[in-house]
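Only this structure's heavy atoms are used, side chains among them; waters, hydrogens and symmetry mates stay out.
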Amino acid sequence: MLRKTLKAFETMLSDADFLRIHRSYIISVSAIETVDFNNNQLIIQGIEIPISRNKRNSLEQLLRRVE
């Protein structure tokens, strides 16, 4: 087990590849299968993950840059 906060991991990970989309989740952008902005969630490996209202804009901007 690791005793680090998500904030510590967030600073270690590359902004281009990973994004904190919720206070409980940091995701790999390349692993995103589906994004549903209407329901504020995305799907990775069949698992629905919530997108916080505060992080939604960051995710939208990142996805525009990746396209």
_Arg23, CZ atom: more than 12 neighbouring heavy atoms under 6.0 Å_ = no
Heavy-atom nearest pair, Arg20 first then Lys55, reads O-CD, 3.3 Å
Quick one: does Asp36's side chain have a donor or acceptor within less than 3.5 Å of a partner on Asn38's backbone?
-> yes
Residues passing the salt bridge (Lys or Arg N to Asp or Glu O under 4.0 Å) test with Glu48, sequence neighbours excluded, are none
| said: Go through it in stages, so that I can follow the logic: the residues are Asn40 and Arg56, the test is side-chain hydrogen bond (donor to acceptor under 3.5 Å, both in side chains), and I'd like the CA-CA distance, side-chain angles, deciding distance and then a yes or no. | reply: CA-CA 8 Å; Asn40 289 329; Arg56 179 182 169 145; 3.0 Å; yes
Co-membership, hydrophobic cluster, residues Phe18 and Phe9, 4.5 Å side-chain: yes
Practice prompt. Decide side-chain contact (heavy atoms from CB on, under 4.5 Å) for Ile43 and Ile49; before the verdict, give the C-alpha distance in whole Å, the side-chain angles of both, and the deciding distance to 0.1 Å.
Written response: CA-CA 6 Å; Ile43 297 175; Ile49 299 173; over 6 Å; no
One should read off an interatomic distance between Ile51 CD1 and Leu42 CG, to the nearest 0.5 angstrom, of 4.5 Å
Original post:
Do Leu59 and Ile32 come within less than 4.5 Å of each other through their side chains, counting heavy atoms only?
Top reply: yes
Output for pair (Ile47 CD1, Glu33 CD), nearest 0.5 Å, gives 9.0 Å
Rounded to the nearest 0.5 angstrom, the CD1-CG distance for Ile26 and Leu19 is 9.0 Å
State whether the number of non-hydrogen atoms from other residues, nucleotides or ligands found under 6.0 Å of Gln45 atom CD is greater than 12. no
ask   = If you group Ile, Leu, Val, Met, Phe, Trp and Tyr by side-chain heavy-atom gaps below 4.5 Å, do Leu6 and Leu13 land in one group?
value = yes
Flag yes if Ile21 and Phe37 sit in one hydrophobic cluster, no otherwise; membership is Ile, Leu, Val, Met, Phe, Trp, Tyr, and two members link when side-chain heavy atoms are under 4.5 Å apart.
-> yes
